[in-house]
2 protein chains.
Amino acid sequence: MSRSAITIIEIARMLGLSKSTVSRALAGHRDVNEDTRKKVLELAQKLDYQPNVVALHLRQQRTRTLGVIIPETMNRFFAKAIGGMQQVASQAGYNVIICQSNESLATEKMNVRTLLSNRVDGLIVSVSGETDRYDHFDLVSKKNIPIVFFDRVAESIPSSKVISNNYEISKEATLHLIKQGCKRIAVMAGPQYLYNSRNRLRGYIDAIHESGLECKEKYILQTDFKLKRMDELVRYLVNMKEKPDAIFAINDMAALEMIHVLKNMGYRIPEDIAVMGFNNEPICKFVDPPLTSIDHPADEMGRSAAALLINHLETGNATVVERCIKSQLIIRGSTHRIKK
Amino acid sequence: MSRSAITIIEIARMLGLSKSTVSRALAGHRDVNEDTRKKVLELAQKLDYQPNVVALHLRQQRTRTLGVIIPETMNRFFAKAIGGMQQVASQAGYNVIICQSNESLATEKMNVRTLLSNRVDGLIVSVSGETDRYDHFDLVSKKNIPIVFFDRVAESIPSSKVISNNYEISKEATLHLIKQGCKRIAVMAGPQYLYNSRNRLRGYIDAIHESGLECKEKYILQTDFKLKRMDELVRYLVNMKEKPDAIFAINDMAALEMIHVLKNMGYRIPEDIAVMGFNNEPICKFVDPPLTSIDHPADEMGRSAAALLINHLETGNATVVERCIKSQLIIRGSTHRIKK
DNA sequence: AATTTTTATGGGAACGTTCCCGGGAAGGTT
DNA sequence: AACCTTCCCGGGAACGTTCCCATAAAAATT
């Protein structure tokens, strides 16, 4: 902050007015003479006056700022969601301050503290891949600061949530694989204390059962979101007695890396092994074979979360809403084994 | 902000002390009795006291906040850079507030105003693809708020900059293509009012000249960063009289999309046409053929920019620094035409 | 002409913090 | 006993804004 910033008082002094009058003129209040208003506005313009929102925030006891905690900005899903939030927020005159937990519970806790002492008006949160308890949000609720969870939600907390239909879409994707003739479908299942991952796995399991197939433990691979040594995982899979004929990956990058490793081993995709991605990143269209994936309207989820939160803030209405944004299965070559 | 937030005054009241003493105790000042300090600390802990940084900022005339303006968070390069900034910033006790210009000059101007009235202590900026003039930064300089530009810099503004060696690396990449036997190298050149794009093109041109090849206008394709209709571009290229035998793309996504289109047309990569990417996204390793690209240490650039800015802020030293972070050519299959 | 109403303005508290300054009490020195 | 330090602590201004209240002048009403 520059020490010579011009304030409302400065303007008042220059015009021989009181700060109250200047404040009113600037705020578009009615109780002020048109001539003086014009003079004030002109001078403010000329001096490039910009209201000190810090002072404003202290006075108003609100910051018009939304705090966002997400696992990673590098993740395109979250990057896109942030875009949506910022769009809605700035339209409504709110700022957004973003923290990354880096998939770590400890950092997530720190993020909460940071945002709280920065006096954000509300929180939008997607929990980290390590978050198996939610007591660090107690403080937030205690201070009556509204939270909206999105995608990776904290079920037990009574607050609004924006989710996608993980269960249904995961089931649909699995059924698609089965319809293509796949009988031994491996799935990369995320941390099971996450609501999301649980639902995704449930969808997979139900699809298998409903199709009369046997659901085998060994095809369910426990993984997290920080993937490494994908080649080992692939080797493990292809060395099985009953080698899988399809893999439902945890995300597109994992899927593409697997395809790469499998191709190098001489397997054909999808003839030998079909591969299903998750997230539908733009690259899916341009790889060989094009990757079947699941598209989430991340931007809409972000918009929705921000709109929900702002609505809570503006109306004071604290009723909990749960909004579900539908994902979509995008079928491409990597799973297309049967010509219709 | 909750209306019942506990303040320093509240704590003072409860302990029968003055706010001054409580403030000192909390701040770790020396002029306070050990017993009272302990009492204060305990109560603060018990009440989950969190200092109101808004009040602090008003008082201190600084917000310990860095304003960042980048073209797009969806762009991995910038996302990574942001990660680096946040790391350095949070380590130094600074917050970061991020604005996207969405490659639009108008939004960039708005972003500057927003950050300014939010009283950020300093700015880190990478200009939009439309930014061909810099007068919207005059206000910032006039208010003595330091700016650090990174990657897409505003040359004419006398402020610190973090850049990569675009010229050298672009030249090296082109020379690599020439060494592989390519003689008709098409290049996607970004907006020429951008310092970056100009240097990149210069590197390309110098490499061609130094190798005794002829630099033909028609191989230089004017593009911007919002790419669409890549298939048209490819069709234009392959329909030339002297069809290019190499393409130096503006970024990896463009390169991959081109490869996709070219393969569908029956061309072999790199035998018929070599393709060079830019940015070295993780996916480069996993596509077929693996994509040669140029790796930028985006995180280091972000860290560097933040460190530079914070240094300016803390020391008050306004001497302009220009730091160059070296990029690296990563050779892979998409350009590898000659077996050594 | 006396009154009420309207219009325009100024004064000052409040938001929560820091920090300068003053001063009392305790202890040490001459 | 008088003085000087040292140690703690409280009072109050300041940061820039809004907003409630008071008030003077002007206009309108009686």
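Chain letters run A, B, ... following the sequence lines, proteins first, then strands; residues in each count from 1.
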By side chain to side chain contact (heavy atoms under 4.5 Å, CB included) - contacts of A:L47 (at least two apart): A:I6, A:I11, A:M14, A:L43

d(CD1, A:I9; P, D:dT17) in whole Å: 7 Å

Range-with-range stems for DNA chain C, at least three Watson-Crick or G-U pairs under 3.5 Å: C:1-30 with D:1-30

Please tabulate, one pair per line, all N/O donor-acceptor pairs under 3.5 Å involving side-chain atoms of residues 81-88 of chain A, not counting sequence neighbours.
| from | atom 1 | to | atom 2 | distance (Å) |
| --- | --- | --- | --- | --- |
| A:Q86 | OE1 | B:Q100 | NE2 | 3.0 |
| A:Q86 | NE2 | B:I98 | O | 3.0 |

Rounded distance [0.5 Å steps], OG in B:S117 versus OH in A:Y49: 9.5 Å

Selection: residues 42-51 of chain A, any non-hydrogen atom under 4.0 Å of DNA chain C: none

Between N or O atoms, less than 3.5 Å apart, protein on one side and nucleotides 25-27 of chain D on the other: list the pairs.
none

Residues from residues 27-38 of chain A lying under 4.0 Å of DNA chain C - heavy atoms: A:D31, A:V32, A:N33, A:T36

Residue pairs, two or more places apart or on separate chains, that pass side-chain hydrogen bond (donor to acceptor under 3.5 Å, both in side chains) and touch residues 22-34 of chain B: B:E34-B:R37

Qualifying residues under side chain to side chain donor-acceptor pair (under 3.5 Å), relative to A:T107, sequence neighbours excluded: A:S104

Sequence-distant partners of A:T315, side chain to side chain contact (heavy atoms under 4.5 Å, CB included), two or more places apart: A:N311, A:N317

Identify each atom pair where a protein N or O and an N or O of nucleotides 10-14 of chain D are less than 3.5 Å apart, giving names and distance.
| from | atom 1 | to | atom 2 | distance (Å) |
| --- | --- | --- | --- | --- |
| D:dG10 | OP2 | B:S18 | N | 2.8 |
| D:dG10 | OP2 | B:S18 | OG | 3.0 |
| D:dG10 | OP2 | B:T21 | OG1 | 2.5 |
| D:dG10 | N7 | B:R24 | NH2 | 3.1 |
| D:dG10 | O6 | B:R24 | NH1 | 3.1 |
| D:dG11 | N7 | B:S20 | OG | 3.2 |
| D:dG11 | O6 | B:S20 | OG | 3.0 |
| D:dG12 | N7 | B:K19 | NZ | 3.2 |
| D:dG12 | O6 | B:K19 | NZ | 3.2 |
| D:dG12 | O6 | B:S20 | OG | 3.0 |
| D:dA13 | N6 | B:K19 | NZ | 3.3 |

Listed pairs under 3.5 Å, donor-acceptor, residues 300-307 of chain B side chains, sequence neighbours left out:
| from | atom 1 | to | atom 2 | distance (Å) |
| --- | --- | --- | --- | --- |
| B:S304 | OG | B:R323 | NH1 | 3.1 |

All side chain to side chain donor-acceptor pair (under 3.5 Å) counterparts of A:R76, not counting sequence neighbours: none

